[in-house]
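Remember, it's a predicted structure, so these values are computed and weren't measured experimentally.
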Amino acid sequence: MNFRSLEEFWPFYVTQHSKPSTRCWHFVGTLTSMLFLLCSVFVNWWLLLFVPFFGYGFAWYSHFFVERNVPATFGHPFLSLLCDFKMFGLMITGQMNKEIKRLGKRPVLQSF
């Protein structure tokens with residue numbers, strides 16, 4: 001698939017993250033990679049090596065074992081990264097379920 005913009009790619013990206021646990025794994029991966037990035041700046045620059053490992057590791061785990069699809073990163077690395085940060089921001093502000101509904105996807109409530 002060819003996408004001309006982030007706005008075109010975003011609905012596809014959301015369909016590839018249909019399960020709440022997939023989105024949670026992405027959230028954990030993004031947050032962890034951000035923490036390693038900050039630690040690499042203020043503590044030890046060697047920690048920078050862990051940024052992609054944790055950022056992609058949690059996300060790819062969720063795609064292979066939870067969502068059971070191929071990560072969008074493989075075909076669209078830059079757009080996928082931007083959408084990951086967009087999803088992270090929407091999750092922090094509590095707007096992700098609203099966005100899923102806006103795109104015509106019903107969020108599934110998950111009990112812990």
**Request:** Please collect all salt bridge (Lys or Arg N to Asp or Glu O under 4.0 Å) contacts where either partner lies in residues 1-21, sequence neighbours excluded, each pair once.
**Result:** Arg4-Glu8

**Asked** Looking at residues at least two apart in the chain, or sitting in another chain, which of them share a side chain to side chain contact (heavy atoms under 4.5 Å, CB included) with Leu35?
**Response** Leu31

**Message:** Applying side chain to side chain contact (heavy atoms under 4.5 Å, CB included) to Val14 and Met87, what does each step give before you reach the verdict?
**Reply:** CA-CA 9 Å; Val14 172; Met87 183 169 68; over 6 Å; no

**Prompt:** Of all residues at least two apart in sequence or in a different chain, which pass the ring-ring contact (aromatic ring centres under 6.0 Å, His included) check with Phe27?
**Reply:** Phe88

**Prompt:** If you look only at pairs with a residue in residues 61-75, which of them pass as a side-chain hydrogen bond (donor to acceptor under 3.5 Å, both in side chains), with sequence neighbours excluded?
**Reply:** Gln16-Asn69, His17-His63, Ser18-Glu67, Thr22-Glu67, His26-Ser62, His26-His63, His63-Asn69, Thr73-Ser80

**Asked** Do Ile100 and Gln95 have side-chain heavy atoms sitting under 4.5 Å apart?
**Response** no

**Request:** Take atom CZ of Phe64 as the centre, draw a 6.0 Å sphere, and report whether it contains more than 12 heavy atoms from other residues, nucleotides or ligands.
**Result:** yes

**Complete:** Contacts satisfying side-chain hydrogen bond (donor to acceptor under 3.5 Å, both in side chains) that involve residues 27-37 (not counting sequence neighbours) are Thr30-Asp84

**Prompt:** How far apart are the closest heavy atoms of Phe9 and Cys83, and which atoms are they?
**Reply:** CD2-SG, 3.5 Å

**Item:** Rounded distance [0.5 Å steps], CG in Leu79 versus CZ in Phe12
**Value:** 10.5 Å

**Message:** Nearest 0.5 angstrom please: Lys86 NZ to Met96 CE, how far?
**Reply:** 8.5 Å

**Request:** Could you list the residues that satisfy ring-ring contact (aromatic ring centres under 6.0 Å, His included) with Phe74, not counting sequence neighbours?
**Result:** Trp60

**Message:** Once side chain to side chain donor-acceptor pair (under 3.5 Å) is applied, do any residues pair with Trp10, and if so which ones, sequence neighbours excluded?
**Reply:** Glu99

N/O donor to acceptor pairs below 3.5 angstrom from side-chain atoms of residues 42-49, sequence neighbours left out:
{"residue": "Asn44", "atom": "OD1", "partner": "Trp46", "partner atom": "N", "Å": "3.0"}

**Message:** Please report the interatomic distance CG(Asn97) to NZ(Lys101), rounded to the nearest 0.5 Å.
**Reply:** 6.5 Å

**Message:** Within the 4.5 Å heavy-atom criterion, are Val41 and Leu38 side-chain neighbours or not?
**Reply:** no

**Request:** Would you sort out whether Phe85 and Met34 count as a side chain to side chain contact (heavy atoms under 4.5 Å, CB included), showing the intermediate values?
**Result:** CA-CA 11 Å; Phe85 287 123; Met34 288 177 177; 3.5 Å; yes

**Prompt:** Which residues satisfy the ring-ring contact (aromatic ring centres under 6.0 Å, His included) test with Phe50, sequence neighbours excluded?
**Reply:** Phe36

